[in-house]
Amino acid sequence: MKRAAWGLWLPLTAAAIWQVAASAGLLSPLFFPSPLVLARTTGKMAANGELVRNAAATLLRTAVGFLIGSLAGLASGLWMGGVPSVRRSLDPVISALNATPRLSMLPLFMLLLGIGESVRIVVIALSSAVIVSIAAVEAVGGIHRAWVDLARNYGAGAWEMFGAVYVPAVLPQIFTGLRLALGHALVMAVSTELVIPSSGLGSMIWLAWQTFSTDRLYVAILLTAALGTVLNAGLRAMERRVIPWKSVGQG
Amino acid sequence: MIPLLASGALDVAFASAVPASLNAVAKGARVRIVAAREVAVPGCIHEIYGNRKSFPQGLTAGSLRGKRIAMTAPTSLSAFLLDTILASAGLGREDVRPQYMRVREGTAALVAGQIDALAEKDMDFSSPEIIPGPSVADIVPGFQYSYIQFGRNLLDGDIQTGAAFLWAFLRGVRAFRSGKTPAVFDRLAESGGMDPAVVRGLCRNRFTIDGRIDPASIQRMSDWALSKGFIPARVEAAGLIDNRFLDQALRRMKEAA
């Protein structure tokens, strides 16, 4: 509860100031519709199912792309981290992909895969895979030699080494990578919807811009931001459960 | 573009009477259509292009049924033009498979065969695999596509400034139509890897010579936008038009002649 209050006071204060400024006529309603107007628009869009339909489309794309990309990134990252020759071979590829704007590859993927849902998923998955892969490589590289030696001296077998040393050591960094990747997955989902605007929050933003419906534009952007916050909070909650020792150091 | 025009970030926009323009005017924004630019001319401009493999018998309005057709947005001029073409064959958007994407991606997808057709006017495709479809000029003779729109800085400023802009534009149009600007075509040919002679021969009369606005064309788009739910209420064409600048520019041209 206390955590939620800390997270909410700033946006609520901003909304209150915005409302006061709008009511006082200091902001043009054409470009800065008041929070009350936005609340009414949100209500209308929720009532006719538009919000849920588009948010669900974006969420589904984000989830599927993130899941596929994270698994691929985790596998490749652990492999690269554990086998030096693999790391030397794949590192330039991962670095190159990391430096290339993923959205710029969209036309290429469209030529290869067509214009269906798969092309969006590939772009989102690629984005997640690169981030998780880099995090996993760093995580494996950061395992202290002393922990490994200590466990071996106490007679730990292969499975014990895996469960008691390697996994606990890499999980904190991997979770950081996953949180970053999830945020990027949402950004990529919305970005691809802006380019191929058939459904989703990006499509809503594009349509609102095309029709000069600023209230709808704000609602779609705020909903995207809220969705990102909720996804991040969800993953943080999972992180606290899976690796409780990490949060000790964070206070 | 229109929101930027309404905010004053832009002073002039070359745009159609798109739903953004209609909504801007309906909400009281200082955005107005001040002159016409392009008009549908038979045999001059095409509004839809198809991949030859998808239309072995030729691209007609009726042959679009069930096809994957790309356009930039459901609110765009290309969507309106597609609906006009479809309606001429008794079809609607529900009879085709619309795909929304930018022109750049749509062009690549069309050439690659990922879509069957692309609704976009005047693409000047040089690929033999791409064929043009029926022309809106045959369905709605004299339909005006696009306009010059002014934002609040010019609308509320000194009328001479806006009129001078239109005067210069119309002079450019007349020079263009009389074939006095081959450099434009040469640059276009060079950038697109096309034969300069073919490009120079493309029709030039799609630009209106006097910039006079056809309210019926605007009303047609307004009614379409209303029927699609892009605007909340009917917007009258007359409310979008401001003829002050064009009148002055044309007077000046007449005096100069």
Check: CZ of A:Phe32: more than 12 outside heavy atoms within 6.0 angstrom?
Finding: no
Note to self: Can you tell me if B:Trp224 has over 12 outside heavy atoms packed within less than 6.0 Å of its CH2?
What the structure shows: yes
Checklist line | Validation row: A:Ile121, A:Ser118 side chains within 4.5 angstrom (heavy atoms) | finding: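 The answer is no; the side chains never approach within 4.5 Å.
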Examine whether an atom of [X] lies under 4.5 Å from a heavy atom of chain B, and if so say whether it belongs to the side chain, the backbone or both; otherwise answer neither.
{"X": "A:Ile196", "answer": "both"}
{"X": "A:Ser213", "answer": "both"}
{"X": "A:Trp209", "answer": "both"}

Margin query: With a 4.0 Å cut-off on N to O distance, would you call A:Glu117 and A:Arg120 a salt bridge?
Written below: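 Between A:Arg120 and A:Glu117 there is a salt bridge, with a charged N closer than 4.0 Å to a carboxylate O.
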Notebook entry, point to check: Is any side-chain N of the basic residue among A:Arg61 and A:Glu193 closer than 4.0 Å to the acidic one's carboxylate O?
Noted result: yes
Which bit of [X] is near chain A, if near means a heavy-atom gap under 4.5 Å: side chain, backbone, both or neither?
{"X": "B:Ala70", "answer": "neither"}
{"X": "B:Gln99", "answer": "side chain"}
{"X": "B:Thr72", "answer": "backbone"}

Notebook entry, point to check: Among B:Pro98, B:Ala109, B:Ser7, who wins on heavy-atom pairs under 4.5 Å with chain A?
Noted result: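 Among B:Pro98, B:Ala109, B:Ser7, the one with the most close pairs to chain A is B:Ser7.
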